[in-house]
Amino acid sequence: MEREGFFERTYELVRQIPRGRVASYGQIAAMLGQPRKARFVGFAMHASPGQAAGVPCHRVVFKDGSLAAGYAFGGPSVQRQLLEEEGVVFLPDGRVDMSTCRWEA
DNA sequence: CTTATGACTATGA
DNA sequence: TTCATAGCCATAA
């Protein structure tokens, strides 16, 4: 099914995100060739096997650097901690510095 | 066919 | 700058 292919592609792409780098849903969706499916990218993260399986969904954030509080795997606090561990810079607002940590294909 | 929902994004107040 | 609303695409009822 194409849907699984989309999911698999999303996982693989997220898996390629280097350490200390983050990407937005729309950015990943655009890399998949469908920038309008940013929501499905997020859904793929929701259905993702988890970072332990090789899918660092915590490196996927909003276009403005915000996190999906409420649906995160353990709360945005944990996500922020993980990202900081990898070297991602956080702004005083509690958002990721996309201007610097944005992943480049 | 119309309506509702969703880890989104862009625009306007 | 922050908050609210509309638009977008795919799937389900």
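Just so it is clear: chains get the letters A, B, ... in the order the sequence lines come, proteins before strands, and each one is counted from 1.
- Residue A/Arg15 qualifies as enclosed at atom CZ: its count of foreign heavy atoms under 6.0 Å is above 12.
- For A/Arg59 and A/Glu86, the salt-bridge test passes: some basic side-chain N is under 4.0 Å from an acidic carboxylate O.
- Taking the P atoms as reference points, C/dT2 lies 23 Å from B/dA7, given to the whole Å.
- Distances from the side chain of A/Arg95 to the nucleotides C/dT2, C/dA10, B/dA7 place C/dT2 closest.
- Separating the NZ atom of A/Lys37 from the C1' atom of B/dG6 is a distance of 13 Å, rounded to the nearest angstrom.
- Contact annotation for A/Ala68: base contact, defined as any heavy-atom pair under 4.0 Å involving a base atom.
- For B/dG6, the OP1/OP2 oxygens have no side-chain nitrogen or oxygen of A/Arg36 closer than 4.0 Å.
- In this structure, the CZ atom of A/Phe43 is 15 Å from the P atom of B/dT5, given to the nearest Å.
- Taking atom CG of residue A/Leu67 and atom C1' of nucleotide B/dC8, one finds them 14 Å apart after rounding to whole Å.
- Note: CZ (A/Arg39) to P (C/dC9) measures 10 Å, nearest angstrom.
- The CG-P distance, from A/Leu13 to B/dA7, rounds to 20 Å in whole Å.
- Rounded to a whole Å, the NE2 atom of A/His46 is 15 Å from the C1' atom of B/dC8.
- Remark: B/dA13 base-pairs with C/dT2. Criterion, Watson-Crick or G-U wobble with two distances under 3.5 Å.
- Note on A/Arg59: nothing from the nucleic acid sits closer than 4.0 angstrom, heavy atoms only.
- Between the side chain of A/Gln27 and the backbone N or O of A/Trp103 there is at least one donor-acceptor pair closer than 3.5 Å.
- Under a 3.5 Å cut-off, the side chain of A/Asp93 and the backbone N or O of A/Arg95 do not form any donor-acceptor pair.
- For the pair A/Gln34 CD and B/dG6 P, the interatomic distance rounds to 22 Å; values are reported in whole Å.
- Closest to the side chain of A/Tyr25, from the set C/dC9, C/dT2, B/dC8, is B/dC8.
- Side-chain proximity of A/Asp93 to the nucleotides C/dT2, B/dA7, C/dC9 is greatest for C/dT2.
- A 6.0 Å sphere centred on CD of A/Gln81 holds no more than 12 heavy atoms belonging to other residues, nucleotides or ligands.
- Heavy-atom distances to DNA chain B give each of A/Lys63 and A/Val41 a nearest nucleotide, and the one nearer the 5′ end belongs to A/Val41.
- Rounded to whole Å, the distance from OH on A/Tyr11 to C1' on B/dA7 is 12 Å.
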